[in-house]
Amino acid sequence: MEDNEKHGAATSSSSNKQTQLPPSVVEAWESLPANVRSMLVETESSKGNSPSLASSQSTYSSASSESSSVLNDATEKVFEEKCKITGGEGVDETFGMKPLERAPDNVFSFIKSHTSATVDVQNKAGSTVTTTTKITTTSKGWRNVFNLPISYDVNMIPSGTILDPANPQLLMATGVHPEGYNRRFAVVDSEIDRLFGEQIRDYFVQKNIKLTVCVLNGGEADKRPEAVDKLLDDLCAYKLRRREPFLAIGGGCLLDIAGMGACMYRRGVPFVRVPTTLLAIVDASVGVKNGVDYCCGITDETYKNRVGSFYAPSSCLLDASFISTQDARNISNGFGEIVKLALVRSPDLFELVEAYGPYLIESRFGPHPAVPEGVANRIIEISIQIMLEELGPNLWEGVLERCVDYGHTFSKLLEMVPGADIMHGEAVNVDGFFCCVLSFLRGFVDMDTVKRVFACMKSLNLPTNSVDLKLELAWQSCKDAIEHRHGEQRIPLITEIGSSLCVSDITREEIDRALEVMKQFHH
């Protein structure tokens, strides 16, 4: 049987005299189990009678050092790759792929060879015996390749005009519909409905459109699966069409809920974000992440943003005039995310916030004699552009070392402490200053930089510490980061104002030292 199999391999190679198998390939062939080689020879022999998924030569090349090579069919290739899940030392997957005629850019048939090796070393009678065992399996299948097109506009609307009936942008964002289709759907934050509900409805009345409104509470405590259920109920009752965008008008929590509902309803419908807080304008409205906090029935613990999706809006409409309805604390809360972006990416943004941030809180982003014209919009524009630059090439977070995760390691547990009176941007800021201290302890920044960051944060009325930021919570946050960021801490630290790197080796002792340094500041 062994001779016949070797003869089969030689016959197969001689059938294409232009192909000379290198010794490494022959060795790989002989290393295959007998039943596997028999199956491959049988497949090669039957090629003239029935189509095959891949030529036997693609399997011969399974151990070749070449990463790809063209086979008999010019459209068929051999690829070597590591399995993203099972691949590792001693594990290789090689396969030949051929595009299918009806979908040559998307669907490929293959024969896949999976080889794993184990090494056993034993001492016997004073000598070392090393046994290497290779196991190779093959399988047939298909690969489906589809690149999901993602494109959405983030539109800066002239301040104070989004609900002006003379401005068609809000209506236009809801899509093009057949003539006579005179209805729309919106999910609105309860506070926004109180302040602007009549104006929102009148806008559509002026357009001869009947608006159906789903009103939801937009607080962090309300960002739960039950809120998504309520939205889905209202969408079902409204009978939203498959390609009909609905409006989401509110703060970051409301936009998260709306994104989840849009992703789930009919397996995905378009939605338009209209953020109404500073935090939502520079953060939640820009990316593609949506999520709700989830209470686990087994652990009885609530996990922040544990259930969510990557789902892009059809567009975003940003009108900064909504900020004027916020109180000082909520505007400071928005600055927590802006300071984060400045620390990791932009010294220019930091200087603008440092110089004018307190005045903008006072004026609620309106005109102020101490603030040059255009500065308020410039701060918002830089923040949004930084977010888009960081998120755009990495929308699905294939790369987990992300500078925009600055301030999002310790803040998650700070926000989830029962009864804690801390908002998202405030928690991010506490986290951000703590990480600044960690940077100091590592020699990345000097104490003058730490003091400058501290002074800026305090001028914005942002908290820089929390009674809940203790050793156990901080160390648990590091362990949670390892789980969330796939096996590594990947904690961003600044190396100077406007620059950062990610580290994965922060120790419990280092956390303890940082907490001691925190005590030197008058928070």
Would you name the heavy atoms of [X] and [Y] that are closest together and state the gap between them?
X      : Y      : answer
Pro275 : Leu318 : CG-CD2, 3.2 Å
Glu220 : Cys253 : OE1-SG, 3.4 Å
Tyr203 : Asp164 : CE1-O, 3.3 Å
Gly218 : Asp189 : CA-OD2, 3.4 Å
Lys207 : Pro165 : NZ-O, 2.5 Å
Leu414 : Leu469 : CD2-N, 3.9 Å

Contact check, side chains of [X] and [Y], non-hydrogen atoms, under 4.5 Å:
X      : Y      : answer
Phe322 : Phe196 : yes
Arg183 : Glu244 : yes
Thr449 : Phe444 : no
Arg364 : Ile331 : yes
Leu247 : Ile200 : no
Ile384 : Ile281 : yes
Val286 : Cys316 : no

Let me see the working for Asp153 and Ser315 under side-chain hydrogen bond (donor to acceptor under 3.5 Å, both in side chains), right down to the final yes or no. CA-CA 5 Å; Asp153 291 346; Ser315 66; over 6 Å; no

Mind checking what makes ring-ring contact (aromatic ring centres under 6.0 Å, His included) contact with [X], not counting sequence neighbours?
X      : result
Tyr406 : none
Phe365 : Phe335
Tyr152 : none

Working to the nearest 0.5 Å, report the span between [atom1] of [X] and [atom2] of [Y].
X      : Y      : atom1 : atom2 : result
Asp283 : Lys289 : CG    : NZ    : 9.0 Å
Thr276 : Glu191 : OG1   : CD    : 9.0 Å
Cys502 : Glu488 : SG    : CD    : 11.0 Å
Glu472 : Ser477 : CD    : OG    : 11.0 Å
Ser466 : Glu426 : OG    : CD    : 10.0 Å
Asp319 : Leu163 : CG    : CG    : 7.5 Å

Any salt bridge between [X] and [Y], counting N to O under 4.0 Å?
X      : Y      : value
Arg402 : Glu397 : yes
Arg378 : Asp348 : no
Arg201 : Glu198 : no

Let's go through Leu343 and Met457 carefully: what are the C-alpha distance in whole Å and the side-chain angles of both, what is the deciding distance for side-chain contact (heavy atoms from CB on, under 4.5 Å) to 0.1 Å, and is it a yes or a no? CA-CA 11 Å; Leu343 287 175; Met457 291 174 170; 4.1 Å; yes

May I ask you to decide if [Y]'s main-chain N or O and [X]'s side chain share a donor-acceptor pair within less than 3.5 Å?
X      : Y      : result
Gln489 : Ile506 : yes
Ser159 : Ala320 : no
Asp431 : Phe410 : yes
Asn182 : Ile209 : no
Tyr311 : Gly261 : no
Ser499 : Glu496 : no
Ser504 : Arg490 : yes

Does anything in residues 254-273 pair up under side chain to side chain donor-acceptor pair (under 3.5 Å), and if so which pairs, sequence neighbours excluded? Lys223-Asp256, Arg273-Asn290

Under the criterion salt bridge (Lys or Arg N to Asp or Glu O under 4.0 Å), I'd like the reasoning laid out for Lys230 against Asp234: C-alpha separation, chi angles, the key distance, then a yes or no. CA-CA 6 Å; Lys230 172 63 168 65; Asp234 283 17; 2.9 Å; yes

Side chain to side chain donor-acceptor pair (under 3.5 Å) against [X], all qualifying residues, sequence neighbours excluded:
X      : answer
Ser346 : none
Glu389 : Arg345, Gln385
Asp480 : Gln476
Asp327 : Asn330

CA sep, side-chain torsions, deciding dist, call: Val187, Leu254, side-chain contact (heavy atoms from CB on, under 4.5 Å): CA-CA 8 Å; Val187 55; Leu254 185 282; 3.9 Å; yes

For Ile338 and Leu460, run side-chain contact (heavy atoms from CB on, under 4.5 Å): C-alpha distance rounded to whole Å, both residues' side-chain angles, the deciding distance at 0.1 Å, then the answer. CA-CA 11 Å; Ile338 294 174; Leu460 299 168; over 6 Å; no

Of all residues at least two apart in sequence or in a different chain, which pass the salt bridge (charged side-chain N to carboxylate O under 4.0 Å, His left out) check with Arg243?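 Applying salt bridge (charged side-chain N to carboxylate O under 4.0 Å, His left out) to Arg243 gives none.
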
How would you list, by chain and number, every residue that makes a salt bridge (charged side-chain N to carboxylate O under 4.0 Å, His left out) with Asp293, sequence neighbours excluded? Arg224

Do you know which of Asn217, Leu216, Leu195 makes side chain to side chain contact (heavy atoms under 4.5 Å, CB included) with Ser190? Asn217

Should Gln326 and Asn333 be marked as a side-chain contact (heavy atoms from CB on, under 4.5 Å) after you check the CA-CA gap, both sets of side-chain angles, and the distance that decides it? CA-CA 10 Å; Gln326 295 189 270; Asn333 181 55; over 6 Å; no

Going by ring-ring contact (aromatic ring centres under 6.0 Å, His included), name the pairs with one or both residues in residues 340-363, residues two or more places apart or in two chains. Tyr359-His368

Which residue pairs pass the ring-ring contact (aromatic ring centres under 6.0 Å, His included) test with at least one member in residues 451-501, sequence neighbours excluded? Phe433-Phe454, Phe454-Phe521, Phe454-His523

I would like to know whether Ser332 and Asn461 meet side-chain hydrogen bond (donor to acceptor under 3.5 Å, both in side chains); could you show each step before the answer? CA-CA 6 Å; Ser332 292; Asn461 295 320; 4.5 Å; no

